[in-house]
Amino acid sequence: MIIAANLKTNLTRKETKKYINEVDAYITSCNSSQEVLVFPAMSSLDTYKSSVVVGAQNAYPTDNGAFTGEIGLTHLNEFDIKTILIGHSERRHILGETQEELVKKFNYFKELGFKIVYCVGEPLEKREAGKDVMMEYISTQYEGIDTQYENLIIAYEPVWAIGTGLTPTLDDIKDIHKELKDKSSAPLLYGGSVKVANAKEVLSIENVDGVLVGSAALCAEDFCKMIEFAEELS
Ligand SMILES: O=C[C@H](O)COP(=O)(O)O
């Protein structure tokens, strides 16, 4: 299974190093076979010698250049980073990234062979408008995306479940994941208020190949517990 931590705008460089070391020590001590990804804040990217795969939360589709506030391929290459998160709801909805921009970013990193964790998910009003509207909305987030890309991982994250403590029912997750698997056979993660208390049942759902965790992953011990659950279920 794939257990991923999105640290968002949290943890300093020093704290991130400690975090990654703790997770690495756990994986090594129990000889875990799970694929563990960690996406630190931009300023905490570094070369970590670890069994944890470190990825970027974002980068601009360029080698380098005049793109104030962004980092490019050169900066990722410095730390040998080959994994990137694209389409996270906070980038879509707070930072205003359009599908067109995301497709550009996707294609740029795809050409370079990056592992791409591509996020999709509906806001509350789309969910409340009924299943057809919701699935139609999610479908638009697949437009222009090569769903057959071999290094693709998809994360389904309902926007209203992110950081709210709310989650869809287990049946809802099962149902949506089944439909999303028809769009792409890539590993499919669930994200949105996953925590130690619900991770095991979420990971047990058919067509859930892992989880993408925000807030609850900030505690290394809790994140390791989720890795342990995945190991038990594998
Ligand atoms: O990328 C992770 C998601 O946004 C989930 O965040 P959350 O676990 O804090 O709800």
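Predicted, not measured: the structure shown is a model, and the values here were computed from it. What's counted below: heavy atoms across the whole structure, side chains too, no hydrogens, waters or symmetry copies. Ligands are counted one by one from 1 in listed order, and the atoms in each one are counted from 1 as well.
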Would you mind checking which non-hydrogen protein atom is closest to [atom], with the distance to 0.1 Å?
{"atom": "atom 9 (O) of ligand 1", "answer": "S215 OG, 2.4 Å"}
{"atom": "atom 5 (C) of ligand 1", "answer": "E157 OE2, 3.6 Å"}
{"atom": "atom 6 (O) of ligand 1", "answer": "K8 NZ, 3.2 Å"}

| message | Quick one, K17 with D46, criterion salt bridge (charged side-chain N to carboxylate O under 4.0 Å, His left out). Give me CA distance, side-chain angles, the key distance, then yes/no. | response | CA-CA 9 Å; K17 190 170 182 200; D46 208 337; over 6 Å; no
Neighbour count above 12 (heavy atom, 6.0 Å) for [X] [atom1]:
{"X": "K181", "atom1": "NZ", "result": "yes"}
{"X": "K104", "atom1": "NZ", "result": "no"}
{"X": "K126", "atom1": "NZ", "result": "no"}

| query | Is it the side chain, the backbone, both or neither of K195 that has a heavy atom closer than 4.0 Å to ligand 1? | reply |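 For K195, no heavy atom sits under 4.0 Å from ligand 1.
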| request: With heavy atoms only and a cut-off of under 4.0 Å, state how N6 meets ligand 1: side chain, backbone, both or neither. | output: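 It is the side chain that gets close, since no backbone atom is under 4.0 Å.
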| message | S193 versus ligand 1: do any nitrogen or oxygen atoms come within less than 3.5 Å of each other? | response |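 Yes - when backbone and side-chain N and O of S193 are compared with those of ligand 1, one distance drops under 3.5 Å.
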| request: Just say parallel, tilted or perpendicular for the rings of Y118 and F106, cut-offs at 30° and 60°. | output: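 Because their plane-to-plane angle is over 60°, the rings of Y118 and F106 count as perpendicular.
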Going by the order shown, which atoms of ligand 1 are within less than 4.0 Å of some heavy atom of [X]?
{"X": "G192", "value": "5 (C), 10 (O)"}
{"X": "A161", "value": "10 (O)"}
{"X": "G163", "value": "7 (P), 9 (O), 10 (O)"}

| query | Counting heavy atoms only, which of G214, C119, A216 is nearest atom 8 (O) of ligand 1? | reply |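 Considering heavy atoms of G214, C119, A216, the nearest to atom 8 (O) of ligand 1 sits in G214.
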| request: Report yes or no: do Y142 and Q99 form a side-chain donor-acceptor pair below 3.5 Å? | output: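 The answer is no; no qualifying pair exists.
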